[in-house]
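Values reported hereafter were calculated over all heavy atoms of this structure, with side chains retained and with hydrogens, waters and symmetry mates removed.
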Amino acid sequence: MNRACPVRPTIARPRITGIVMTLALMSAAFTFAQTPPPAARPVSEETPEVHMGKGYDALKNDRHDVAVAEFQAALKLDPKLTLRARFPLAVALFESHNPVEARREFETVRREAGDHPNILYYLGRLDLDDRNFPGAIRNLTQAASDPPFPDTTYYLGFACFKQGDLTAAEKWLGEAARANPHDARVMYQLGLVYQKQGRNEEANKAIAQSNEQRQRDSAESSLRLECAQKLDQGPREAAHALCEKLYDPDNADKLTALGTIYGKHGDPEAALKPLRRAAELAPQSPQMQYNVALAYYQLKRLDEARNALAPAADHWPDVFQLVALYGKVLAQLGDDIPAYQTLHHAHDLNPQDSETADLLYLSVLKLGFKNGESAQYGESLRYFEEAAKMRPQEPEPHVGMAAVYSQTGRSAQAAAEQKTAERLTQNARRTP
């Protein structure tokens, strides 16, 4: 046996807290330390948070060149963001087939974060692409101590096979088959191992299983299309009877696909069951947590949406979709201060999102009036001033400031703000 490829990994997982994996939502990215949202500040296009938000969004939509540019811009503004921006930058470079630069960024992260499985997985993949099979075996063996992705052991088994270590290849591909039994690649590669070992009967059986899995994958693809059509055309009961054939309680990806079909075709109640189960199976995926929370929100089950979003938004503070939905839920629940803070952070991440900007403005305005009603005039005035800066064409902040000045005996300033409010109201009426 070739000892270059041990059957069991012996490398202990490093102590790194707050690991964030975002494979489904943004291809793959994580942060190594839980970092609270930054304090509210004037919105600027040139903030690291804005660029990271855009970068994550680009990764989610497979716009890898855009993601590279955004994460590089974030690092240029704040080089200390190595553990929050450099890893997703490396992933974006990997996905855009830029292996030299990707390796350089992964190695930089590795020097600061240590031999974490997420980093070692990608370094092993790069080694495989370079046909550096000993390097791939070394990195992927360490990654397999705590597999960051379902295909970790598949690539390790493949590397062992290419290195000629058939015993270890069989071991790791067997583990891959148990971890991901629906991956047709695994059984096919295992069949090649059996062929090399002269075990032709087992080889033929494994390759036949691989072909059957490919056929099932094709059939499931057709079934998903039929499910979507039934949801649009027929009675929901008949559609559910068909669509539930796609329900696999042990496969997070298939559950997510089913829930997404339900959600896209106006049936969030049916979507909840598969999405909730997917979130249980993949607690480290922000996409899974977001999907469940969105279904709760669509069903107006706001308390449950908040319970799903609170830990997720804390773990993944740079994922705009999570933070924005959390702010929206808090606002509807009347949690005014947390809603303001969360929406402000979401707006920092993505200033171009008009819905978040509108909700933030309304949140600021509400806090202005609420503090005024409770005679907290200093706080009230601060919120109204912020609202006026956000929407200088709107009269309501000036109405609020006029009321504060009037209550605090500053009649001249009250009159000036009232005059401004009246002018802006007239302007709004003249605007078509």
Asks: Would you please say whether a donor-acceptor pair under 3.5 Å links the side chains of Glu70 and His51?
Replies: yes
Asks: For Arg391, enumerate each residue passing the salt bridge (Lys or Arg N to Asp or Glu O under 4.0 Å) test, keeping only those at least two apart in sequence or located in another chain.
Replies: Asp358
Asks: Does the pair Arg103/Asp130 count as a salt bridge with the N-to-O cut at 4.0 Å?
Replies: yes
Asks: Looking just at side-chain N and O atoms, do Gln321 and Tyr326 make a donor-acceptor pair shorter than 3.5 Å?
Replies: no
Asks: For Ala252, is there any backbone N or O sitting under 3.5 Å from a side-chain donor or acceptor partner on Thr256?
Replies: yes
Asks: Assess Lys273 against Tyr247: is NZ or CZ under 6.0 Å from the centre of the six-membered ring, and within 45 degrees of the ring's axis?
Replies: yes
Asks: Going by heavy atoms in the side chains, are Val66 and Lys54 under 4.5 Å from each other?
Replies: no
Asks: Is the closest side-chain donor-acceptor distance between Asp253 and His182 under 3.5 Å?
Replies: no
Asks: Under the 3.5 angstrom rule, does the side chain of Asn307 hit a backbone N or O of Asp303 as a donor-acceptor pair?
Replies: yes
Asks: Salt bridge or not between Glu220 and Lys245? Use side-chain N to carboxylate O under 4.0 Å.
Replies: no
Asks: Write down the atom of Ile119, the atom of Val109, and the distance for their closest heavy-atom approach.
Replies: CD1-CG1, 3.7 Å
Asks: Consider only side-chain N and O atoms of His116 and Asn118, and report whether a donor and an acceptor are under 3.5 Å apart.
Replies: yes
Asks: Does Lys389 pair with Glu385 as a salt bridge, N-O distance under 4.0 Å?
Replies: no
Asks: Verify the distance criterion only: is there a donor paired with an acceptor across the side chains of Asp57 and Asn350 at less than 3.5 Å?
Replies: no
Asks: With distance as the sole test, does Ser374 use its side chain to make a donor-acceptor pair with the main-chain N or O of Asn371 at under 3.5 Å?
Replies: yes
Asks: Nearest heavy-atom pair of Ala67 and Ala58: which atoms, and what distance?
Replies: N-CB, 3.6 Å
Asks: Please confirm whether the backbone N or O of Pro338 pairs with a side-chain atom of Asp335, one donor and one acceptor, at under 3.5 Å?
Replies: no
Asks: Should Arg382 and Glu379 count as an ion pair when the cut-off is N to O under 4.0 Å?
Replies: yes
Asks: Could you tell me if Arg185 sits above the aromatic ring of Tyr154, with its cationic atom closer than 6.0 Å to the ring centre and no more than 45 degrees from the axis?
Replies: yes
Asks: So does Ala206 get a backbone contact from the side chain of Ser210, meaning a donor-acceptor N/O pair under 3.5 Å?
Replies: no
Asks: Can you find a side-chain donor-acceptor pair between Gln215 and Asn211 that sits under 3.5 Å?
Replies: no
Asks: Check whether the ring centres of His64 and Phe94 lie less than 6.0 Å apart, and answer yes or no.
Replies: no
Asks: Would Arg86 pass as a cation-pi partner of Phe71, given that its NZ or CZ must be under 6.0 Å from the six-membered ring centre and within 45 degrees of the axis?
Replies: no
Asks: Report yes if some heavy atom in the side chain of Glu355 is under 4.5 Å from a heavy atom in the side chain of Lys328; otherwise report no.
Replies: yes
Asks: Got more than 12 heavy atoms from elsewhere within 6.0 Å of NZ, Lys205?
Replies: no
Asks: May I ask you to check whether Phe320 and Tyr56 place their ring centers less than 6.0 Å from one another?
Replies: no
Asks: Measuring only between side-chain heavy atoms, which start at C-beta, is His347 closer than 4.5 Å to Tyr361?
Replies: no
Asks: Whether Glu170 and Arg199 form a salt bridge (side-chain N of Lys/Arg under 4.0 Å from carboxylate O of Asp/Glu) is what I want to check.
Replies: yes
Asks: Are side-chain heavy atoms of Val329 and Leu309 found at a separation under 4.5 Å?
Replies: yes
Asks: Salt bridge check: are Asp250 and Arg277 linked by an N-O gap of less than 4.0 Å?
Replies: yes
Asks: Between Ser96 and Leu93 (side chain of the first, backbone of the second, donor and acceptor by atom type, cut-off under 3.5 Å), is there such a pair?
Replies: yes
Asks: Treating Thr141 as the side-chain partner and Arg138 as the backbone partner, does any N or O pair qualify as donor plus acceptor under 3.5 Å?
Replies: no
Asks: Could you pull out all residues at least two apart from Tyr296 that satisfy side chain to side chain donor-acceptor pair (under 3.5 Å)?
Replies: Arg276
Asks: Does the pair Asp127 and Asn139 meet the rule for a side chain to side chain donor-acceptor pair (under 3.5 Å), with working shown?
Replies: CA-CA 9 Å; Asp127 289 331; Asn139 284 316; 2.8 Å; yes
Asks: Check Gln332, Glu304, Arg306 against Tyr297 for a side-chain hydrogen bond (donor to acceptor under 3.5 Å, both in side chains) and give me the one that passes.
Replies: Gln332
Asks: Is the distance from the ring center of Tyr383 to that of Phe369 below 6.0 Å?
Replies: no
Asks: Evaluate side chain to side chain donor-acceptor pair (under 3.5 Å) for Tyr194 paired with Asn204, printing each intermediate quantity in order.
Replies: CA-CA 9 Å; Tyr194 293 148; Asn204 292 337; over 6 Å; no
